[in-house]
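Quick notes on the structure that follows.
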Amino acid sequence: MNLVKPTGTGPGGGAFMHPSDLNFSEIDVATGSADVASFLAAHAWPFHTLPRLDLAAAASVPLGPPDQVRSFWISQHGKRIGVIRLLDLDDVADGSVRFDLRVAEESRGRGVGRHTVCWLTDTLFRDYPSLHRIEATTRFDNLPMRRALEANGYRLEGRLRETWPSADGVRHDTALYGRLRSDTRPDAEA
Ligand SMILES: CC(C)(COP(=O)(O)OP(=O)(O)OC[C@H]1O[C@@H](n2cnc3c(N)ncnc32)[C@H](O)[C@@H]1OP(=O)(O)O)[C@@H](O)C(=O)NCCC(=O)NCCS
């Protein structure tokens, strides 16, 4: 597996990240919720239906309970640069798990998304031996998310027309991706 950009800078202008620069730590809902809410309220989420969350809205984003939702910080050298939520964990046995991934604005375009999708995919299939499929939806024009998914073996399974509302009233299409346990990453197929 080669997910490391050899040289240069990302679309965001910063240096590419090495996977070993990133650390993933599970969030304790009882003690960590306020920090997550501050993080979510501090950044813009341009492809989400709500591109800005105030503190109250951010505090209502579910981070648990862990039999349904598990949440993690993404950190680089001790600085928190993103949040992952693994969703629908109560569907592991007979459905699809989903996830929500949000990287801080200043850390986008440097490989964090790609490495994180790699980590969470491996973590889900390792921690849940009966899990067969992970599902991911994103706005069709969210190219960074789509490329991060495709680099990790997620396959485009559908384009759901005008199903993704946005704050400006436009209904965007949704890209639906699936990753089976048996699927491989493109660079593993070479
Ligand atoms: C979507 C998101 C998680 C992707 O993470 P990221 O760290 O920015 O993405 P990466 O740097 O890992 O880049 C992934 C791919 O997208 C490409 N890319 C990154 N930014 C891009 C941009 N602005 N335009 C086009 N392509 C871009 C990268 O080149 C890379 O592709 P490649 O490996 O084929 O070269 C992150 O941008 C984010 O948190 N955005 C806001 C929240 C969001 O939209 N979350 C997804 C909700 S479904």
Side-chain angles (χ1 to χ4, degrees), residues 1-24 36 39-53 57-58 61-62 69 71-77 79-88 96-124 134-160 163-168 170-179 185-190:
M1 176 170 38
N2 175 23
L3 294 181
V4 183
K5 291 277 183 184
T7 55
T9 58
F16 279 111
M17 198 83 55
H18 189 280
S20 64
D21 291 337
L22 298 179
N23 179 262
F24 303 95
V36 175
F39 177 86
L40 294 176
H43 297 278
W45 311 106
F47 293 101
H48 281 74
T49 303
L50 289 176
R52 279 277 176 197
L53 297 172
V61 172
V69 180
S71 304
F72 298 82
W73 284 115
I74 310 166
S75 303
Q76 181 194 18
H77 306 310
K79 183 184 175 203
R80 291 168 174 168
I81 61 168
V83 169
I84 309 160
R85 295 186 306 129
L86 307 180
L87 308 167
D88 293 344
S96 300
V97 165
R98 298 179 302 116
F99 62 87
D100 180 37
L101 166 59
R102 299 176 189 240
V103 175
E105 286 160 302
E106 64 276 12
S107 298
R108 292 176 196 161
R110 300 168 53 203
V112 177
R114 185 174 170 148
H115 297 323
T116 299
V117 174
C118 180
W119 176 83
L120 72 84
T121 302
D122 290 349
T123 298
L124 279 167
I134 305 170
E135 191 170 292
T137 53
T138 192
R139 217 171 81 177
F140 205 82
D141 58 348
N142 191 345
L143 294 183
M145 190 63 208
R146 292 185 56 192
R147 292 176 73 92
L149 291 168
E150 288 171 8
N152 284 288
Y154 287 72
R155 300 203 190 167
L156 183 63
E157 296 178 337
R159 176 173 185 159
L160 313 179
T163 48
W164 193 288
S166 61
D168 59 9
V170 177
R171 284 179 154 272
H172 294 267
D173 294 351
T174 299
L176 169 65
Y177 282 86
R179 170 66 149 83
R185 295 186 170 90
D187 54 4
E189 289 165 3

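In this text, all values refer to a predicted model and were calculated from it rather than measured experimentally. Note that ligands are numbered from 1 as they come in the structure, with each ligand's atoms numbered from 1 the same way.
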Open item on the list: So for ligand 1, is M145 a polar contact partner (N or O within less than 3.5 Å, distance only)?
Closed with: no
- [ ] Pick, from E105, R108, R98, the option with the minimum heavy-atom distance to atom 41 (C) of ligand 1.
- [x] R108
Task: Heavy atom of T137, distance to ligand 1 below 4.0 Å - done: yes
Task: Backbone or side-chain N or O of R147 under 3.5 Å from ligand 1 N or O - done: yes
Open item on the list: Taking distance alone, with N or O pairs closer than 3.5 Å, would you say N142 contacts ligand 1?
Closed with: yes
- [ ] State whether the shortest distance between N or O atoms of L143 and N or O atoms of ligand 1 falls below 3.5 angstrom.
- [x] no
- [ ] Using non-hydrogen atoms of the residue, decide whether A151 is closer than 4.0 angstrom to ligand 1.
- [x] no
TODO: Using a 4.0 Å heavy-atom cut-off, say whether H48 meets ligand 1 through its side chain, its backbone, both or neither.
DONE: side chain
TODO: Check ligand 1 against T138 and write out every atom of the ligand that is under 4.0 Å from a heavy-atom position of the residue.
DONE: 48 (S)
Open item on the list: Using a 3.5 Å distance criterion without hydrogens, assess whether the side chain of R85 forms a donor-acceptor pair with backbone atoms of P62.
Closed with: yes
Task: Residue pair P165 / T49: nearest heavy atoms and the distance that separates them - done: O-OG1, 3.2 Å
Open item on the list: Within the 3.5 Å criterion, strictly below it, is a donor on T163 or T174 matched to an acceptor on the partner's side chain?
Closed with: yes
Open item on the list: Out of M17, R110, R114, who is nearest to atom 12 (O) of ligand 1 when you count heavy atoms only?
Closed with: R114
TODO: Look at the rings of H48 and W45 and say which category their plane angle falls in: under 30° parallel, 30 to 60° tilted, over 60° perpendicular.
DONE: perpendicular
Open item on the list: On the six-membered ring of F140, is R146 placed so that its NZ or CZ lies under 6.0 angstrom from the centre and within 45° of the ring axis?
Closed with: yes
Open item on the list: Below the 3.5 angstrom mark, is there an N/O of A148, backbone or side chain, next to an N/O of ligand 1?
Closed with: no
Task: Heavy-atom proximity to atom 5 (O) of ligand 1, best of P51, G82, G113 - done: G113
- [ ] With N152 as reference, evaluate R185, R114, H115 under the side chain to side chain donor-acceptor pair (under 3.5 Å) test and give the passing residue.
- [x] R185
- [ ] Work out whether the distance between some heavy atom of H43 and some atom of ligand 1 is less than 4.0 Å.
- [x] no
TODO: Mark up the atoms of ligand 1 that fall under 4.0 Å of a heavy atom belonging to W45, in ascending order.
DONE: 41 (C), 42 (C)
- [ ] Please name the pair of heavy atoms, one in G82 and one in W73, separated by the smallest distance, quoted to 0.1 Å.
- [x] O-CE3, 3.4 Å
Open item on the list: Polar contacts were defined as any N/O atom of the residue lying under 3.5 Å from an N/O atom of the ligand; does this apply to P46 and ligand 1?
Closed with: no
Open item on the list: Could you report the tightest heavy-atom contact between A42 and E105, atom names first, then the distance?
Closed with: O-OE1, 4.1 Å
TODO: Considering non-hydrogen atoms only, spot the tightest contact between W164 and D173 and give its length.
DONE: CB-O, 4.1 Å
Open item on the list: Using a 4.0 Å cutoff against the non-hydrogen atoms of R102, which atoms of ligand 1 qualify?
Closed with: 39 (O)
TODO: Pull out every atom of ligand 1 sitting under 4.0 Å from any heavy atom of G111, numbered as shown with elements.
DONE: 10 (P), 11 (O), 12 (O)
Task: Closest approach of P46 to R108 (non-hydrogen atoms, all atoms of both residues) - done: CD-NH1, 3.8 Å
Task: Nitrogen or oxygen of D100 less than 3.5 angstrom from that of ligand 1 - done: no
Task: Any T123 side-chain heavy atom under 4.5 Å of F24 side chain - done: no
Open item on the list: Can you check which of S107, P186, P144 brings a heavy atom nearest to atom 22 (C) of ligand 1?
Closed with: P144
Task: Donor-acceptor contact present, side-chain N142 to main-chain R139, <3.5 Å - done: no
Task: Selected option - heavy-atom contact closest to atom 46 (C) of ligand 1, from L101, V83, I74 - done: L101
Open item on the list: Can you name the atoms of ligand 1, numbered from 1 with element, that are less than 4.0 Å from a heavy atom of V112?
Closed with: 7 (O), 12 (O)
TODO: Test T138 against Y177 for side chain to side chain donor-acceptor pair (under 3.5 Å), laying out the working first.
DONE: CA-CA 8 Å; T138 192; Y177 282 86; over 6 Å; no
